[in-house]
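The block underneath contains the structure these notes are about, expressed in structure tokens.
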Amino acid sequence: MTPETSTADAEAAARLIAYGMRTRQLPARDLDYLRLTRLYRHDLAFRTLTDQVGRGLGLSVLGTDSATEALVLAALDGSLFETRIEDYARLAKHRGSFAAHEKVLHGLIHLAVAALAFPRPDDLAQDDFVGRVNVDIVESTLRDACRKLELKAAEAAGEDESPSETPELEEVWRVYARRPETARTKGNGTPVNSTRAMIGRALNFLTESGFLNPVGEPKEGNYRTTPRYQLQVRELAATRAFQELLTLGAVPMTGADGTLRVLPEDHRVELTLETADV
């Protein structure tokens, strides 16, 4: 490979990364983007170069969207493009002071959305699988998980063993159980601190990031997953927190063992919303 060719390839790889960062841009509408994504899939040397360019920028190339052929990126830990859950929680709160427990509530909601969208291992492995989720099912699932943990805690009273394999998550669910599902303000609106309002904002965030698409009437609040989201959740499925939702039985699961990334830090649950959308 000549120096000129190497330079041209590096520029092409960087250009492909730039396309991938624009989550609403599709290869079908840009011939250069389409050519580069197909080169990425079929040319090992160019794929390796693109992956290296991405890592240098703090991005992981997860692959291409099976439906649109768009490049799918995720922010690496500490990356400039990383959206930490505490930052997301501050933005999602809109007003008022930010409490430390807000971020774990938002993180738990995002975990539940992912687990409900892809409840079985086969769902993540099957490229053409489309999951569906809405506010009602996320809320009812998390409330059910709270009730089950309360029963486990009562049964384990007086015993040394924790009722959960991830005791830090048990504390998160206790906080969730105390939060009102919904309420009305003086203006007859839903307060930003109700769990249903928080779930709605999470689903809107995932839609704006290209992870979900709305289905039917907006007021119905139904969404379907995109291949981009499936690639992200594959990174999440190995985490303890995700597995805990499944083992609790709060999420239906018919397979064997079961991106957003849960990061344990000082026995707290943190979530990285892996999106390169700038």
Side-chain angles (χ1 to χ4, degrees), residues 1-84 114 117-118 120-131 205-213 224-239 242 255 257-263 272-278:
M1 180 178 292
T2 65
E4 291 77 16
T5 303
S6 178
T7 300
D9 287 345
E11 180 182 348
R15 195 162 67 251
L16 177 56
I17 294 291
Y19 282 131
M21 293 174 69
R22 303 182 183 99
T23 56
R24 296 188 180 276
Q25 188 162 353
L26 302 176
R29 301 174 184 172
D30 190 306
L31 291 179
D32 184 52
Y33 189 8
L34 181 62
R35 180 184 66 82
L36 290 174
T37 57
R38 290 180 175 176
L39 184 63
Y40 178 86
R41 289 202 309 273
H42 300 297
D43 188 315
L44 177 59
F46 182 72
R47 182 163 65 249
T48 301
L49 178 61
T50 302
D51 292 346
Q52 291 174 334
V53 170
R55 282 196 298 273
L57 292 170
L59 298 167
S60 172
V61 182
L62 299 182
T64 57
D65 186 318
S66 60
T68 65
E69 299 189 87
L71 197 72
V72 180
L73 305 170
L76 296 173
D77 292 347
S79 167
L80 173 67
F81 305 107
E82 182 182 53
T83 301
R84 299 290 295 180
F118 305 100
R120 303 169 304 176
D122 288 349
D123 299 338
L124 287 175
Q126 186 178 342
D127 288 340
D128 59 354
F129 177 84
V130 177
F205 171 84
L206 292 171
T207 300
E208 293 171 359
S209 300
F211 296 141
L212 298 176
N213 285 326
R224 59 180 174 82
T225 61
T226 65
R228 178 185 297 274
Y229 190 44
Q230 186 182 49
L231 288 173
Q232 291 276 358
V233 176
R234 283 175 183 168
E235 297 294 310
L236 166 68
T239 66
F242 188 91
D257 297 333
T259 225
L260 318 178
R261 176 178 301 163
V262 178
L263 301 174
T272 297
L273 303 175
E274 296 184 344
T275 173
D277 188 2
V278 295

Residue pair [X] / [Y], side-chain heavy-atom distance below 4.5 Å:
X     : Y     : result
Leu34 : Glu69 : yes
Met21 : Leu59 : yes
Arg22 : Tyr33 : no
Thr64 : Val72 : no

Taking all heavy atoms of [X] and all of [Y], pick out the closest pair and write down the distance.
X      : Y      : result
Val53  : Ala13  : CG2-CB, 4.1 Å
Arg228 : Ser209 : CD-O, 3.8 Å
Leu76  : Ser60  : CD2-CB, 3.6 Å
Phe211 : Tyr229 : O-CB, 3.1 Å

Short side-chain to backbone donor-acceptor contact, [X] and [Y], under 3.5 Å:
X      : Y      : value
Gln230 : Asp128 : no
Thr68  : Leu26  : no
Arg47  : Arg41  : yes
Thr207 : Asn213 : no
Gln232 : Leu73  : yes

- Task: Look at atom CD of Gln126 and say whether more than 12 heavy atoms of other residues, nucleotides or ligands are closer to it than 6.0 Å.
- Result: yes

Separation of [Y] [atom2] from [X] [atom1] (nearest 0.5 Å):
X      : Y      : atom1 : atom2 : result
Asp9   : Arg15  : CG    : CZ    : 10.5 Å
Thr23  : Asp65  : OG1   : CG    : 11.0 Å
Leu16  : Leu39  : CG    : CG    : 8.5 Å
Leu231 : Asp127 : CG    : CG    : 7.5 Å

- Query: Are Asp51 and Tyr40 close enough that a side-chain donor and a side-chain acceptor fall under 3.5 Å?
  - Reply: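 Side chains of Asp51 and Tyr40: pair found under 3.5 Å.
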
- Worked verdict on Asp30 versus Arg24 for salt bridge (charged side-chain N to carboxylate O under 4.0 Å, His left out): CA-CA 12 Å; Asp30 190 306; Arg24 296 188 180 276; over 6 Å; no

- CA sep, side-chain torsions, deciding dist, call: Tyr19, Asp32, side chain to side chain contact (heavy atoms under 4.5 Å, CB included): CA-CA 10 Å; Tyr19 282 131; Asp32 184 52; 2.8 Å; yes

